[in-house]
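Working notes, structure below.
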Amino acid sequence: SIRRQRQMCIRDSHWPAPEGMPTVLLYSHGDVQPTGNLDEWHTEPFVATAKGERLYGRGTADDKGGVAAHLAAIRAFDGKPPVGVTLFVEGEEEIGSASMEAIIAEHKDELAADVIVVADSVNWEQGVPSVTTTLRGVVDCIVEVSTLDHALHSGQFGGIVPDALTTLCRLCLLYTS
């Protein structure tokens with residue numbers, strides 16, 4: 001089915017699991033970053049152009065290639081995979097997936113799976129499959145640090161009084177070493 005919820009267009013398809021078999025959710029996204037300066041392209045950005053054994057075009061690797069890989073996997077089993085499969089293609093990944101939480105909450109039963117395979121990473125060498133076992137993702141947060149309940153003049157109290165900016169910098173160092 002095709003659904004549009006908020007700004008995210010989703011295509012999901014489901015192949016039920018045979019008795020006793022697990023369900024795999026295949027995730028990919030179809031949106032891409034803007035093209036930038038068209039004069040810097042050697043081919044039409046939204047037309048897949050074959051050069052040798054590779055395809056070039058906007059989003060062929062990130063992440064329309066992932067969509068194609070999932071579809072090829074289903075096709076390899078003549079549309080009858082040996083496990084349950086849910087195909088989930090989203091349209092907001094490049095802008096932070098703002099609608100994802102609401103969609104998962106609303107459709108959690110349809111999206112339930114024993115494992116999720118994300119096809120949004122790279123193949124370092126042609127002909128050599130790659131498996132990424134962890135992704136960092138994006139974190140957006142506001143950190144507020146306060147050290148005192150009122151301002152103090154640094155010339156009078158100096159280094160003995162904790163400073164919010166210095167404290168924040170020290171906190172950041174904990175995650176870089």
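Interatomic distance, Ser99 OG to Glu92 CD, rounded to the nearest 0.5 Å: 3.5 Å. Annotation: the span from Phe88 atom CZ to His107 atom NE2 amounts to 8.5 Å, rounded to 0.5 Å. Remark: Thr147 OG1 to Leu165 CG distance equals 10.5 Å, nearest 0.5 Å.
Counting only residues at least two apart or on different chains, the side-chain hydrogen bond (donor to acceptor under 3.5 Å, both in side chains) pairs with a member in residues 156-171 are Asp163-Thr166. Applying the side-chain hydrogen bond (donor to acceptor under 3.5 Å, both in side chains) test to residues at least two apart or on different chains, the pairs with a partner in residues 25-40 are Tyr27-Glu90, His29-Asp31, His29-Asp62, His29-Glu93, His29-Asp120, Gln33-Glu94.
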Could you list the donor-acceptor pairs under 3.5 angstrom formed between side-chain atoms of residues 74-82 and any protein atom two or more places apart in sequence or on another chain?
none

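Remark: Glu19 engages no residue in a side-chain hydrogen bond (donor to acceptor under 3.5 Å, both in side chains) (not counting sequence neighbours). Here Ala112 pairs with nothing under the side chain to side chain contact (heavy atoms under 4.5 Å, CB included) rule; sequence neighbours left out. Judged as a side chain to side chain contact (heavy atoms under 4.5 Å, CB included), and not counting sequence neighbours, the contacts of Val117 are Val24, Leu26, His70. For Ala113, the side chain to side chain contact (heavy atoms under 4.5 Å, CB included) partners are Thr23, Leu25, not counting sequence neighbours. With sequence neighbours excluded, the residues satisfying side chain to side chain contact (heavy atoms under 4.5 Å, CB included) with Pro22 are Val83, Asp114.
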For this session: Walk me through it: do His42 and Lys51 pass the test side chain to side chain contact (heavy atoms under 4.5 Å, CB included)?
Result: CA-CA 11 Å; His42 300 289; Lys51 289 184 178 183; 4.2 Å; yes

Exercise. Could you walk me through whether Val143 and Cys141 pass the side chain to side chain contact (heavy atoms under 4.5 Å, CB included) check?
Worked result: CA-CA 6 Å; Val143 177; Cys141 64; 4.0 Å; yes

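Hydrophobic cluster membership for Phe46: Val32 (Ile, Leu, Val, Met, Phe, Trp, Tyr linked by side-chain heavy atoms under 4.5 Å, directly or transitively). Think of Trp41 as one node in a network of Ile, Leu, Val, Met, Phe, Trp and Tyr side chains linked at under 4.5 Å; its network also takes in Leu38.
Both Ile160 and Leu152 are members of a single hydrophobic cluster when ILVMFWY side chains are connected at heavy-atom separations under 4.5 Å. There is no path of hydrophobic side-chain contacts, each under 4.5 Å, that joins Val47 to Tyr56.
Leu87 has its side chain within reach of Leu71: a pair of non-hydrogen atoms, C-beta onward, lies under 4.5 Å apart.
No side-chain donor-acceptor contact under 3.5 Å links Lys64 to the backbone of Gly59.
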